[in-house]
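Here the structure is laid out as structure tokens; the discussion comes afterwards.
Being a predicted model, the structure only gives us computed values, none of them experimental.
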Amino acid sequence: MAATTSQASLLLQKQLRDLAKHPVDGFSAGLVDDSNVFEWQVTIIGPPDTLYDGGYFNAIMSFPQNYPNSPPSVRFTSEMWHPNVYPDGRVCISILHPPGEDPNGYELASERWTPVHTVESIVLSIISMLSSPNDESPANIEAAKEWREKREDFKKKVRRIVRKSQEMF
């Protein structure tokens with residue numbers, strides 16, 4: 001187990017260095033606490049030309065000791081209204097689901113976690129999720145229902161969250 005933890009730690013340190021050397025448009029990332037490479041603070045900038053445009057959304061990425069064999073969890077600490085984000089802020093996208101077959105039969109194994117994913121690919125997937133919500137298998141049923149049935153109310157709520165995030169930033 002210690003060897004796995006040490007490999008995970010080295011890989012995460014490398015990914016952090018790579019992001020510092022070559023920042024990616026749309027987000028910034030760093031450690032919550034310099035002594036723990038398994039907890040990252042990520043700020044995602046709302047993608048242009050989407051409802052979330054101009055917002056600053058903070059999230060915590062928590063990596064398991066056996067990363068990259070298992071996916072991290074990602075939880076928004078900023079307020080978020082989105083069909084694929086649980087009310088407690090946890091992000092629900094296929095690549096964050098454990099590898100292998102989906103016990104519920106919604107996802108192909110190829111859509112789920114694989115060890116080739118990096119912090120960058122995860123955050124880019126979350127940015128893509130913000131751009132195009134999937135209301136077919138929602139994490140937040142109320143947000144999905146509003147997205148489908150009361151689009152103007154949904155937009156109004158998201159605009160308020162974006163304004164709030166700008167004031168906090």
Side-chain angles (χ1 to χ4, degrees), residues 11-64 67-68 71-97 107 111-113 117-169:
L11 179 59
L12 288 167
Q13 288 170 26
K14 180 189 181 321
Q15 289 183 21
L16 187 62
R17 278 193 311 275
D18 290 349
L19 284 170
K21 279 187 212 159
H22 309 285
V24 177
D25 282 348
F27 76 94
S28 64
L31 299 181
V32 171
D33 172 350
D34 287 340
S35 68
N36 182 4
V37 77
F38 291 93
E39 287 269 312
W40 291 36
Q41 169 75 42
V42 179
T43 300
I44 296 173
I45 300 163
D49 305 319
T50 70
L51 296 176
Y52 300 90
D53 190 351
Y56 296 92
F57 304 102
N58 294 318
I60 300 288
M61 292 182 84
S62 301
F63 296 88
Y67 177 82
S73 63
V74 180
R75 187 177 59 80
F76 280 103
T77 55
S78 300
E79 187 177 348
M80 179 55 69
W81 185 246
H82 191 284
N84 308 115
V85 178
Y86 286 99
D88 69 359
R90 285 176 298 131
V91 174
C92 180
I93 54 175
S94 299
I95 68 162
L96 294 178
H97 297 157
E107 302 164 334
E111 297 171 318
R112 295 167 69 88
W113 178 258
H117 286 295
T118 62
V119 171
E120 181 179 340
S121 68
I122 295 163
V123 177
L124 291 174
S125 291
I126 293 169
I127 291 170
S128 172
M129 171 202 80
L130 291 176
S131 301
S132 49
N134 172 5
D135 62 1
E136 295 301 309
S137 60
N140 184 329
I141 291 160
E142 292 304 312
K145 192 173 175 188
E146 195 171 78
W147 167 258
R148 278 194 300 264
E149 299 169 11
K150 297 179 180 174
R151 189 68 58 96
E152 283 311 308
D153 290 350
F154 183 90
K155 288 178 178 179
K156 201 179 293 180
K157 206 170 276 183
V158 171
R159 279 195 297 270
R160 184 186 59 75
I161 289 169
V162 167
R163 275 195 310 277
K164 189 175 173 184
S165 78
Q166 292 167 333
E167 291 164 8
M168 305 289 282
F169 195 71

(message) Any heavy-atom pair between the side chains of I127 and Y52 that's under 4.5 Å?
(response) no
(message) Atom CG of residue position D25 - does it have more than 12 heavy atoms of other residues, nucleotides or ligands inside 6.0 Å?
(response) no
(request) Using atom types as modelled and distance alone, determine if a side-chain donor or acceptor of S128 lies under 3.5 Å from a backbone N or O of L124. (result) no
(message) Contact between S131 and P47 at the side-chain level, heavy atoms closer than 4.5 Å - yes or no?
(response) yes
(request) With side chain to side chain contact (heavy atoms under 4.5 Å, CB included) as the test, would you mind laying out the steps for L130 and M80 before giving the verdict? (result) CA-CA 10 Å; L130 291 176; M80 179 55 69; 4.0 Å; yes
(message) Counting C-beta onward and ignoring hydrogens, is there a side-chain heavy-atom pair between V123 and V24 closer than 4.5 Å?
(response) no
(message) With a 4.5 Å cut-off on side-chain heavy atoms, are F76 and H82 touching?
(response) no
(message) Measuring from atom CH2 of W147 to atom CG of D153, what distance do you get when rounded to the nearest 0.5 angstrom?
(response) 13.5 Å
(request) Could you check if a side-chain atom of I45 sits within less than 4.5 angstrom of a side-chain atom of Y56, using non-hydrogen atoms only? (result) yes
(message) In the structure I gave you, are the side-chain heavy atoms of N58 and Q41 within less than 4.5 Å of one another anywhere?
(response) yes
(message) Could you go through M129 and N134, starting from their C-alpha distance and side-chain angles, then the distance that decides it, and tell me whether this counts as side chain to side chain contact (heavy atoms under 4.5 Å, CB included)?
(response) CA-CA 8 Å; M129 171 202 80; N134 172 5; over 6 Å; no
(request) Only one of R159, K145, E146 passes side chain to side chain contact (heavy atoms under 4.5 Å, CB included) with F154; say which it is. (result) E146
(request) For N140 and W81, run side chain to side chain contact (heavy atoms under 4.5 Å, CB included): C-alpha distance rounded to whole Å, both residues' side-chain angles, the deciding distance at 0.1 Å, then the answer. (result) CA-CA 8 Å; N140 184 329; W81 185 246; 3.6 Å; yes
(message) Checking the side chain of W113 only, and the main-chain atoms of P68 only, is there a donor and an acceptor separated by less than 3.5 Å?
(response) yes
(message) If you compare all heavy atoms of A143 against all heavy atoms of P83, which two are closest, and at what distance to 0.1 Å?
(response) CB-N, 3.8 Å
(message) On a heavy-atom basis, which atom in A29 and which in V42 lie closest, and how many Å separate them?
(response) CB-CG2, 4.2 Å
(message) Working to the nearest 0.5 angstrom, can you tell me the gap between D34 CG and E39 CD?
(response) 13.0 Å
(message) Nearest 0.5 Å, please: how far is CG in L12 from OG1 in T118?
(response) 10.5 Å
(request) Apply side chain to side chain contact (heavy atoms under 4.5 Å, CB included) to D53 and V162, showing your working. (result) CA-CA 8 Å; D53 190 351; V162 167; over 6 Å; no
(request) List the atom of H97, the atom of C92, and the distance in Å for their closest heavy-atom pair. (result) NE2-SG, 3.6 Å
(request) Decide yes or no for P72 and L96: does some side-chain heavy atom of the first lie under 4.5 Å from some side-chain heavy atom of the second? (result) yes
(message) With a 6.0 Å cut-off (strictly less than), is the heavy-atom count around CG of D88, excluding the residue itself, greater than 12?
(response) yes
(request) May I ask you to say whether K14 pairs ionically with D18, meaning some side-chain N is under 4.0 Å from a carboxylate O? (result) yes
(message) When you measure from the side chain of N84 to the backbone of I93, do you find a donor-acceptor pair of N or O atoms at a distance under 3.5 Å?
(response) no
(request) Determine the minimum heavy-atom distance between L51 and V158, stating which atoms define it. (result) O-CG1, 3.5 Å
(request) Evaluate the side-chain proximity of K155 to R151: yes if any heavy-atom separation is below 4.5 Å, no if none is. (result) yes
(message) So which atom in H117 and which in R112 form the shortest heavy-atom distance, rounded to 0.1 Å?
(response) NE2-O, 4.4 Å
(message) Can you give me the closest heavy-atom contact between Q15 and W40, atom names plus distance?
(response) C-CH2, 4.0 Å
